[in-house]
Amino acid sequence: MKITLICVGKIKEKYFSDAIAEYRKRLSRYAKLEILEVADEKTPEDASLAEELQIKAKEGDRILKAVKDGAYLIALAIDGKKISSEAFAEFIGKRQVGGDSHLVFVIGGSLGLDKRVLDRADVLLSFSDMTFPHQLMRVILLEQIYRGFRILHHEPYHK
């Protein structure tokens, strides 16, 4: 299985980079992982709604350009469906069995995702009602993907 993370913005802190590298290494047993970073737009402090929509549209263009035809797209969105780690593992397992060999997860920028990205997504997934920095969310997502594969393979993993 191939898993791609499309993320708006770059990782700036070494401790996030180190955690991402660790999960990349762990996941290599189960899937081919690709992380694509698309440029984020600078958002002015006093941005109007119109400016925010333009920023999300520009970031959305970059995201959609990176999504390959036939990929199963999962957008991380605060309004998405909330599921347990076990249900997430089952979701990944069903994608594998169902022939979805390429899962693409999208993590938006500080303003969220453009409507076109949300509309293109096969699933909207939420990890919490809380908002997380996109750098931290990348680590959380990779940890949950790794946990999901461990569950699928009936391998021990801390709870």
Side-chain angles (χ1 to χ4, degrees), residues 3-13 15-20 22-24 26-27 30-31 33-64 66-67 71-96 98 100 102-152 157-159:
I3 295 176
T4 300
L5 270 60
I6 300 174
C7 310
V8 175
K10 294 191 179 295
I11 295 294
K12 296 175 180 95
E13 284 84 8
Y15 53 89
F16 286 132
S17 296
D18 290 346
I20 289 164
E22 178 62 27
Y23 283 111
R24 181 189 290 271
R26 291 182 187 190
L27 278 166
Y30 307 104
L33 177 66
E34 174 183 38
I35 299 176
L36 301 175
E37 294 177 334
V38 299
D40 56 345
E41 292 290 316
K42 188 147 178 80
T43 305
E45 280 281 324
D46 57 349
S48 68
L49 179 58
E51 288 172 313
E52 288 183 359
L53 290 173
Q54 285 178 339
I55 288 167
K56 288 199 297 188
K58 286 179 186 177
E59 292 174 349
D61 288 341
R62 294 178 190 127
I63 291 167
L64 292 170
V67 176
Y72 191 92
L73 186 65
I74 303 109
L76 274 57
I78 201 146
D79 294 331
K81 183 176 181 181
K82 293 177 194 66
I83 58 175
S84 67
S85 294
E86 292 78 13
F88 186 60
E90 185 179 325
F91 169 81
I92 291 171
K94 283 182 180 176
R95 300 285 70 76
Q96 283 182 305
D100 295 313
H102 187 191
L103 300 184
V104 177
F105 291 87
V106 176
I107 300 173
S110 62
L111 298 175
L113 292 167
D114 183 67
K115 183 179 179 336
R116 293 169 301 146
V117 175
L118 297 172
D119 290 344
R120 164 58 182 88
D122 294 289
V123 172
L124 300 180
L125 187 62
S126 174
F127 278 61
S128 173
D129 288 332
M130 295 183 212
T131 302
F132 298 103
H134 69 273
Q135 295 182 79
L136 178 59
M137 194 61 231
R138 204 179 300 189
V139 175
I140 293 169
L141 174 59
L142 287 172
E143 189 280 333
Q144 285 298 301
I145 294 169
Y146 174 67
R147 183 183 295 265
F149 278 111
R150 297 288 292 190
I151 291 168
L152 283 174
Y157 194 68
H158 66 279
K159 294 184 180 190

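Just one of Tyr30, Phe88, Phe91, Tyr23 meets the ring-ring contact (aromatic ring centres under 6.0 Å, His included) condition when paired with Phe149; it is Tyr30.
Using a 4.5 Å cut-off on side-chain heavy atoms (C-beta onward), Ile35 and Leu142 make contact. Using a 4.5 Å heavy-atom threshold, the side chains of Arg138 and Phe16 count as separate. No side-chain heavy atom of Val123 sits under 4.5 Å from any side-chain heavy atom of Lys81. Residues Asp79 and Leu124 have side chains not in contact (no heavy-atom distance under 4.5 Å, counting atoms from C-beta outward). Using a 4.5 Å heavy-atom threshold, the side chains of Thr4 and Val67 count as separate.
In this structure, CG in Leu76 is found 8.0 Å from CG in Leu113, a value given to the nearest 0.5 Å. Here Ser85 contributes atom OG and Ile145 contributes atom CD1; the two are 11.5 Å apart, rounded to the nearest 0.5 Å. Expressed to the nearest 0.5 Å, how far CE of Met137 lies from CD of Gln144 amounts to 8.0 Å. Summarising the geometry, atom CD belonging to Gln135 is positioned 10.5 Å from atom CD1 belonging to Ile107; distances are rounded to the nearest 0.5 Å. Atoms CZ and CG, from Phe105 and Leu5 in turn, are 7.0 Å apart once rounded to the nearest 0.5 Å. One finds the CZ atom of Arg95 at 12.5 Å from the CD1 atom of Ile3 (value rounded to the nearest 0.5 Å).
Taking both residues in full, the closest heavy atoms of Ala66 and Leu36 are given as CB-CD1, 4.1 Å, listed atom of the first, atom of the second, then distance. When all heavy atoms of Ser128 and Ile78 are compared, the closest pair comes out as O-CG1, 3.9 Å. Val104 approaches Ala71 most closely through the heavy-atom pair CG2-CB, 3.5 Å. Closest approach of Val8 and Gly108 over heavy atoms only: CB-C, 3.8 Å. Taking each heavy atom of Ala89 and Gly148 in turn, the nearest pair found is CB-O, 3.4 Å. Listed here is the closest heavy atom pair of Ser126 and Ala77: CB-O, 3.2 Å.
Under the side chain to side chain donor-acceptor pair (under 3.5 Å) criterion, Asp129 pairs with Lys82, not counting sequence neighbours. Applying the side-chain contact (heavy atoms from CB on, under 4.5 Å) rule to Ser84 yields the partners Glu86, Ala87; only residues at least two apart in sequence or on another chain are considered. Remark: Glu22 pairs with Lys25, Arg26 by the side-chain contact (heavy atoms from CB on, under 4.5 Å) rule, at least two apart or across chains.
Residue pairs meeting the salt bridge (Lys or Arg N to Asp or Glu O under 4.0 Å) criterion with at least one member in residues 111-128, sequence neighbours excluded: Asp61-Arg116, Asp114-Arg116, Lys115-Asp119, Arg120-Asp122. Each salt bridge (Lys or Arg N to Asp or Glu O under 4.0 Å) pair with one or both residues in residues 3-13, not counting sequence neighbours, appears once here: Lys10-Glu37.
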Hey, can you pull the donor-acceptor pairs under 3.5 Å for the side chains in residues 49-58, sequence neighbours left out?
{"residue": "Glu51", "atom": "OE1", "partner": "Ser48", "partner atom": "N", "Å": "2.7"}
{"residue": "Glu51", "atom": "OE1", "partner": "Ser48", "partner atom": "OG", "Å": "3.4"}

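Using modelled atom types, one side-chain atom of Arg62 and one backbone atom of Ala39 make a donor-acceptor pair closer than 3.5 Å. Between the side chain of Glu59 and the main chain of Glu41, a donor-acceptor pair closer than 3.5 Å is present.
A donor-acceptor contact closer than 3.5 angstrom is absent between the side chains of His134 and Ser110.
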